Asker: 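Shown below is the structure under consideration.
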Amino acid sequence: MNPSTQPVEILSAERIAERVTNLAKQINQFYQGREILLVSILDGAIIFTADLLRQLRIPTQLDCMRISSYGSSTSPESAPQITGSLKSDLRGKHVLLVDDILDTGNTLQRACEEIKSHHPDSIKTCVFLDKAERRTNHFQADWVGFSIPNEFVVGYGLDFDGHYRELPYLGKLPS
Ligand code: IMP
Ligand code: MG
C-alpha cells in the first residue's frame with residue numbers, strides 16, 4: 001500500500017469528538033469522588049487519550065505502556081510483548097487502561113495481566129474502537145467508542161505501517 005493512498009472516511013472528526021465527549025461524561029460519573037491513573041497504550045492510543053484526558057473532570061494521573069504486536073503487516077505476528085513499562089506504583093490506584101482498538105484482544109489481555117500483577121485497587125478499560133468479529137478471547141472493554149466491522153482502519157492515531165496516524169478522521173484503505 002502506497003502511503004499517499006487516500007483513505008475513505010468512515011467516521012468524521014465531528015462524530016468522533018461528540019462520542020469522546022459522551023464517553024468522558026460516563027467516565028467522570030463512574031469515577032466521581034475518586035482519583036484515577038489513566039494508562040495509555042502507545043502509540044495508537046495517543047490521540048484518543050489526549051482528547052479524552054482533556055474532558056475528564058476527576059483527578060487524573062497519566063502513565064504509558066508500549067506493547068508491540070504488529071510489525072508492518074496487518075495481522076498479529078506473535079504474542080504481544082511489553083516493550084515500554086509503567087513508571088507508577090499501582091498499589092491503591094484505580095487504573096483506566098486506554099487503547100485505540102480492541103481487535104483480537106491479545107494486547108489488552110496482556111496489558112491487563114501485567115497491570116493486575118502490580119495489585120491496583122481496580123482496573124477498567126476504554127477503547128476507541130471495537131472490532132468484535134476478530135476476537136480470539138472473551139475480552140470485553142468497559143467503555144467502547146464505536147463498534148466497527150472487520151476492516152483495517154487508519155487515522156485518529158491508528159496507523160498502517162507507521163502512516164496515517166495524523167488524520168483527524170477514521171478511514172479505511174481501499175482494497
Ligand atoms: P489486538 O491485540 O489484536 O487486540 O490488537 C490491538 C492492536 O492492533 C491495536 O492497539 C492496534 O495498534 C492494532 N490494530 C488492530 N486493528 C487495527 C486496524 O484496523 N488499524 C490499525 N491498527 C490496528
Ligand atoms: Mg496499538
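Whatever order the structure lists ligands and atoms in, that order sets their numbers, starting from 1. These figures come from a predicted structure and were not determined experimentally.
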Asker: N/O of Leu108 under 3.5 Å from N/O of ligand 1, yes or no?
Answerer: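 Min N/O separation from ligand 1 is not below 3.5 Å for Leu108.
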
Asker: Hey, is Arg66 close enough to Asp43 for a salt bridge, meaning N to O under 4.0 Å?
Answerer: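 Result for this pair is yes, salt bridge flagged.
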
Asker: Near Glu151, which atoms of ligand 1 are under 4.0 Å from a heavy atom of that residue?
Answerer: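 Contacts of ligand 1 toward Glu151, numbered from 1: 19 (O).
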
Asker: Parallel, tilted or perpendicular: which one describes the rings of Phe128 and Phe48, with boundaries at 30° and 60°?
Answerer: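 Geometry flag for Phe48 against Phe128: tilted rings.
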
Asker: Can you find a non-hydrogen atom of Val154 under 4.0 Å from ligand 1?
Answerer: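 It does not, in that no heavy atom of Val154 comes within the 4.0 Å cut-off of ligand 1.
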
Asker: First locate atom CG of Asp51, then atom CD1 of Ile46, and finally report the distance between them rounded to the nearest 0.5 Å.
Answerer: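 Going from the CG atom of Asp51 to the CD1 atom of Ile46 covers 11.5 Å.
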
Asker: When you look for heavy atoms under 4.0 Å from ligand 1, do you find them on the side chain of Leu158, its backbone, both, or neither?
Answerer: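 The answer is the side chain.
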
Asker: Taking N or O atoms only and a 3.5 Å limit, does Gly105 qualify as a polar contact for ligand 1?
Answerer: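 In this structure, Gly105 places an N or O atom under 3.5 Å from an N or O of ligand 1.
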
Asker: For the CD1 atom of Ile58 and the CG atom of Leu38, what is their distance to the nearest 0.5 Å?
Answerer: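 Atom-to-atom, Ile58:CD1 and Leu38:CG are 8.5 Å apart.
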
Asker: Apply side chain to side chain contact (heavy atoms under 4.5 Å, CB included) to residues Asp159 and Tyr164 and explain how you reach the verdict.
Answerer: CA-CA 5 Å; Asp159 74 308; Tyr164 303 110; 5.8 Å; no

Asker: Which is closest to atom 11 (C) of ligand 1 in terms of heavy atoms, Ile101, Leu170, Asp130, Leu42?
Answerer: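 Among Ile101, Leu170, Asp130, Leu42, the closest heavy atom to atom 11 (C) of ligand 1 belongs to Ile101.
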
Asker: Does the distance from a Lys or Arg side-chain N to an Asp or Glu carboxylate O, for Asp121 and Arg91, drop under 4.0 Å?
Answerer: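 Arg91 and Asp121: not salt-bridged.
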
Asker: Pick one of side chain, backbone, both or neither for how Asp100 approaches ligand 1, counting any non-hydrogen atom pair under 4.0 Å.
Answerer: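 It is the side chain that touches ligand 1; the backbone stays farther off.
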
Asker: Which ligand 1 atoms, with their elements, are less than 4.0 angstrom from a heavy-atom of Asp99?
Answerer: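 That gives atoms 10 (O) of ligand 1.
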
Asker: Looking only at heavy atoms, what is the nearest atom pair of Pro80 and Ile67, with distance?
Answerer: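 Heavy atoms only, the tightest pair is CB-CG2, 3.6 Å.
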
Asker: Need the ligand 1 atom indices (1-based, order shown) with element for anything under 4.0 Å from a heavy-atom of Lys131.
Answerer: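 Those atoms are 16 (N), 17 (C), 18 (C), 19 (O).
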
